[in-house]
Amino acid sequence: MKTALTRRDFMKVSTLAGGGLLLSFQTGNALAALLPKDAEVFQPNAFVSISPEGLITIMAPNPEVGQGVKTSLPMLVAEELDADWTMVRVEQAGLDTRNFQRQVAGGSGSVRSSWESFRKAGATARQMLLEAAAQKWGVPVSECITRNGFVIHQPTGKTLNYGALATAASGLEVPQEVKLKDPKDYNLIGRRMVNVDAWNIVTGKMPFGLDTRREGMLTAMVARPTFGKKLKSVDDTRAKQVKGVKQVIVFDNKVAILATNTWAAKKGRDALRLEWEAEGTPESTENYNTAFAELIKNTTQEPKRNDGDVNQALSQADKVLESVFYAPFLPHAPLEPMNFFAHVREDGAELYGPTQTPARTRTEAARVLGLPEEKITVGMSRMGGGFGRRLQADYSVEAARISKLAGVPVLVVWTREDDMQGGYYRPAGMYRYRAALKNNQLTGWHLIAAAANSANASRENSFPAGVVPNFRVDSHNYQSPITVGPWRAPNHNFIAFAEESFLDEIALELGKDPVAFRLELLEQAKTNPVGHVAYDPTRYINVIKTAAEMGNWGQQGVKGIFKGFGAHFSFGTYVAQVADVSVQNGKVKVHKVYCAVDCGRVINLSGAETQIEGGIIDGIGHMLYGEITFKSGEVEQKNFNTYRLIRMPDAPEIEVRFINTNAEPQGLGEPGLPPIGAAVANAIFAATGSRIYRLPVRLPGEHSKRSF
Amino acid sequence: MAVFQLNVNNRSYAVDVDPDTPLLWVLRDELNLTGTKYGCGVAQCGACTVHLNGNPVRSCTLPVAAAKGNITTIEGLSENGDHPVQKAWIELDVAQCGYCQAGQIMTAAALLARKPQPTDADIDTAMAGNICRCGTYKRIRKAIHLAATKGGAR
């Protein structure tokens with residue numbers, strides 16, 4: 001494969017003066033190599049540099065939130081470079097929109113968007129090393145190959161390692177076209193590679209945002225309003241008496257306490273006497289539930305999708321099934337609460353911390369600070385989870401505001417209670433499905449959805465769209481003061497549960513096996529598609545069949561254990577799951593989950609597998625326990641003693657199988673989550689005859705859930 | 001404010017802080033041992049787990065005044081990051097975001113010291129206080145079993 005290079009892909013060749021102690025992630029310090037101060041480092045582009053000692057530094061431009069891109073993206077560079085992975089160190093890049101594209105952790109899109117450019121970066125460096133060696137030996141380049149960090153002259157067997165060629169290579173022109181490897185020659189892609197930060201993580205040396213420490217820095221905590229409240233009065237007399245409290249700043253309907261340490265900041269904030277007053281009508285959970293129920297009675301003017309004539313199908317049906325599913329608000333609750341460091345000066349600003357969107361952070365900070373973007377740097381710490389919460393810039397911009405007002409570098413720290421109450425939640429919503437059945441066929445499908453602050457609460461092209469001749473989706477937006485935002489697999493995270501549950505209801509009504517019913521529909525999508533088909537039915541069928549086989553679908557299992565099935569396509573990836581579930585005294589136990597995945601080519605097998613496992617466990621936890629409720633605008637679950645997250649005893653065994661394919665790599669951070677809710681709910685139905693319409697699951701006779 | 005003598009990772013420290021300051025903030029803000037994490041502040045998530053005289057404790061709710069004895073944090077679990085639990089964690093690539101893992105590792109190391117060959121039920125009981133928001137529980141369980149074979153009880 002030959003690929004033309006764009007100017008944007010590559011900078012001109014540069015030689016850099018390197019220096020400093022370089023630590024490898026492999027063992028922490030075994031590779032530690034002190035570069036001579038004036039060493040010439042070969043840096044053909046912004047992604048990779050090679051020192052004369054042979055140490056290869058690969059930049060990780062994308063934010064690392066636990067999705068593994070700090071490992072998988074450098075693997076792409078190293079693969080095409082034919083690098084010795086034990087000589088590679090990975091360094092987190094800051095925001096650099098000139099050299100890197102899409103520095104975002106979201107939409108399961110990092111690998112998808114970087115697949116080409118990262119491989120090209122490695123291939124370019126490799127090509128230059130080949131040429132440098134050929135020149136040195138006075139032989140044709142065509143006689144030379146690369147292997148594991150060496151250039152080899154095949155006829156003579158002479159070798160030179162990359163380090164020895166680094167200086168010579170840096171004097172060469174950057175090639176405009178490079179040849180990418182044939183996938184059959186991959187050495188790294190597809191293998192199990194350990195997270196590059198693993199050693200630092202297990203020794204406590206990995207800095208997260210909350211660990212930021214800078215000269216002269218103060219720690220800030222902020223008193224923020226609940227939804228629909230306004231600051232009326234502030235008495236900071238006692239707060240200022242707390243030892244360590246240096247400043248109290250009232251701004252933007254909030255109060256910030258700046259102190260020399262975290263505990264003083266917290267005590268100072270606790271000592272504030274604040275009065276809040278209602279602004280408008282603060283909402284409670286029952287208000288929006290009533291509003292949703294009203295909205296889903298009617299269609300909208302502009303359906304999201306409208307194939308055939310669903311009204312006719314419903315009126316002419318032998319039978320109409322109708323089910324309403326309810327989604328609660330969910331917090332993201334990453335284990336590292338929101339925090340950000342900011343140092344705003346007259347002439348510029350440094351921002352540093354956990355963000356899934358450094359570019360958005362810079363843009364919004366520039367606006368608030370009145371500084372040009374080029375005067376603001378944004379650095380990215382490794383993040384203690386995000387799940388979408390850190391796609392927002394509220395907390396980073398708030399830190400910038402406080403630093404500017406206070407005139408000092410500041411680390412703004414949110415407590416867990418702040419984090420739970422000041423969120424951008426997965427929107428609550430209600431989903432009314434109707435199915436028209438005629439002559440034992442599914443002839444019509446109508447979804448009317450309503451959700452808080454959501455222009456589109458659906459995923460209108462999800463299966464069975466493309467199969468059902470009369471198919472309509474309407475979505476109502478309910479305006480609410482409660483802020484919402486993307487939450488791992490937005491919309492998919494609930495819609496897959498609702499749709500795959502409803503499909504089971506339809507299959508049951510038609511007297512068909514749920515898996516066989518899905519396969520029958522997907523065969524129709526191949527032979528007789530309706531409208532736009534957003535998925536490949538063959539790949540869909542393949543994962544469904546594989547999961548069914550893995551999970552011994554249709555066979556009698558262990559007594560008391562029941563099976564449920566769910567499948568979903570999201571972010572380019574096909575996932576099907578079988579859940580083994582038992583229910584005793586109303587308590588749900590998920591024993592094992594079998595999962596088949598087609599995400600195209602797998603980059604890091606270990607990373608890919610753990611994303612799917614984590615998605616399954618995350619999905620089970622939230623379907624069983626997750627719910628945020630509001631009382632007059634105030635979040636009722638303020639910490640993990642009232643908001644339950646899944647724990648070790650609830651985590652099932654999981655078996656994951658990736659379908660081997662040469663297709664382009666697709667998303668992995670999110671697609672594992674959506675189908676599990678339905679797989680478990682369908683198994684609960686098999687076990688108890690109770691259909692789950694409302695999450696989290698509450699079964700009669702279950703007592704342990706609220707008292708843990 | 002009062003001066004407290006602390007023994008952390010076999011070193012003695014004198015810190016001048018409020019007696020009600022949780023040990024967590026003394027470690028992180030006074031001693032700059034930031035490997036111990038804040039997750040909830042109410043002893044629910046386990047991210048702040050350290051050993052006090054060999055027992056796993058939640059440093060976020062333990063006032064410094066009550067932290068009497070030998071304290072071990074993740075930084076002091078082993079000299080070179082080669083405790084069997086740490087080695088197993090790397091070998092099985094347990095971490096996703098990694099934020100909770102110091103607490104998980106400290107809890108697991110204390111379990112293995114007490115019970116060198118834990119069953120799955122032992123693991124469920126011992127680890128139930130540590131939340132992993134990324135859901136790495138399957139690998140944590142496997143890594144504890146692996147560490148047991150590596151002499152994790154050392």
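Please read these numbers as outputs of a predicted model, since none were measured by experiment.
- Remark: D16(B) CG is packed, more than 12 non-hydrogen atoms of other residues, nucleotides or ligands lying under 6.0 Å away.
- The most heavy-atom pairs under 4.5 Å with chain A, out of G39(B), A47(B), C134(B), A102(B), come from G39(B).
- Contacts between M193(A) and chain B at a heavy-atom distance below 4.5 Å involve the backbone alone (N, CA, C, O).
- R647(A) places no side-chain N or O within donor-acceptor distance of the main-chain N or O of I131(B), the cut-off being under 3.5 Å.
- Counting heavy-atom pairs closer than 4.5 Å to chain A, the top residue among A43(B), P22(B), C45(B), C132(B) is P22(B).
- Partner of Y38(B) under the side chain to side chain contact (heavy atoms under 4.5 Å, CB included) criterion, chosen from L335(A), T415(A), T262(A): T415(A).
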Could you go step by step and tell me if R213(A) and N32(B) meet the side-chain contact (heavy atoms from CB on, under 4.5 Å) rule? CA-CA 9 Å; R213(A) 302 288 183 270; N32(B) 204 26; 3.7 Å; yes
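- In terms of heavy-atom pairs under 4.5 angstrom with chain B, the leader among I654(A), L210(A), T260(A) is L210(A).
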Evaluate the criterion side-chain contact (heavy atoms from CB on, under 4.5 Å) for residue pair T610(A) and R139(B); output intermediate values, then yes/no. CA-CA 8 Å; T610(A) 197; R139(B) 289 190 180 190; 3.5 Å; yes
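- When heavy atoms are compared at a cutoff of 4.5 Å, E30(B) approaches chain A solely by way of its side chain, counted from C-beta outward.
- Heavy atoms closer than 4.5 Å to chain B are found nowhere in K70(A), neither backbone nor side chain.
- When the shell of 6.0 Å around NZ of K246(A) is examined, it contains 12 or fewer heavy atoms from other residues, nucleotides or ligands.
- Both the backbone and the side chain of Q611(A) come within contact range of chain B, judged by heavy atoms closer than 4.5 Å.
- Distance OG1/T21(B) to NZ/K266(A): 11.5 Å, rounded to 0.5 Å.
- Other residues, nucleotides and ligands contribute only 12 or fewer heavy atoms inside 6.0 Å of the NZ atom of K243(A).
- F640(A) places none of its side-chain heavy atoms less than 4.5 Å from the side chain of V42(B).
- The salt bridge (Lys or Arg N to Asp or Glu O under 4.0 Å) pairs that include a residue from residues 35-55 of chain B are D211(A)-K37(B), where partners are two or more places apart or lie in different chains.
- Residue with the most contacts toward chain B among R488(A), E336(A), M383(A), M206(A): E336(A) (heavy-atom pairs, distance under 4.5 Å).
- For the residue pair F208(A) and G98(B), the shortest heavy atom distance occurs at CZ-C, 3.7 Å.
- Between D618(A) and R133(B), at least one side-chain nitrogen of the basic residue sits less than 4.0 Å from a carboxylate oxygen of the acidic one, meeting the salt-bridge criterion.
- At a 4.5 Å heavy-atom cutoff, the contact between A333(A) and chain B is made by backbone and side-chain atoms alike.
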Might you work through the side-chain contact (heavy atoms from CB on, under 4.5 Å) test for W263(A) and D29(B), ending with a clear yes or no? CA-CA 9 Å; W263(A) 190 243; D29(B) 289 355; 5.8 Å; no
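- Annotation: the span from C40(B) atom SG to N641(A) atom CG amounts to 8.0 Å, rounded to 0.5 Å.
- Taking each heavy atom of I646(A) and Y137(B) in turn, the nearest pair found is O-OH, 2.6 Å.
- Contact annotation for H332(A): only backbone heavy atoms (N, CA, C, O) come within less than 4.5 Å of a heavy atom of chain B.
- Other residues, nucleotides and ligands place no more than 12 heavy atoms under 6.0 Å from the NZ atom of K142(B).
- Of the residues considered (N639(A), N261(A), V413(A)), N639(A) shows the highest number of contacts with chain B, using heavy-atom pairs under 4.5 Å.
- Comparing P337(A), G621(A), P652(A) by how many heavy-atom pairs each has under 4.5 Å with chain B, the most go to P337(A).
- Contact detail for I201(A) and Q101(B): the closest heavy-atom pair is CG2-CB, 3.9 Å.
- Your options are A95(B), A128(B), G129(B), G35(B), and the one with the most heavy-atom pairs under 4.5 Å with chain A is A128(B).
- How far CD1 of I123(B) is from CE of M648(A): 6.5 Å, rounded to the nearest 0.5 Å.
- Between the N195(A) side chain and the D93(B) main chain, no donor and acceptor come within less than 3.5 Å of each other.
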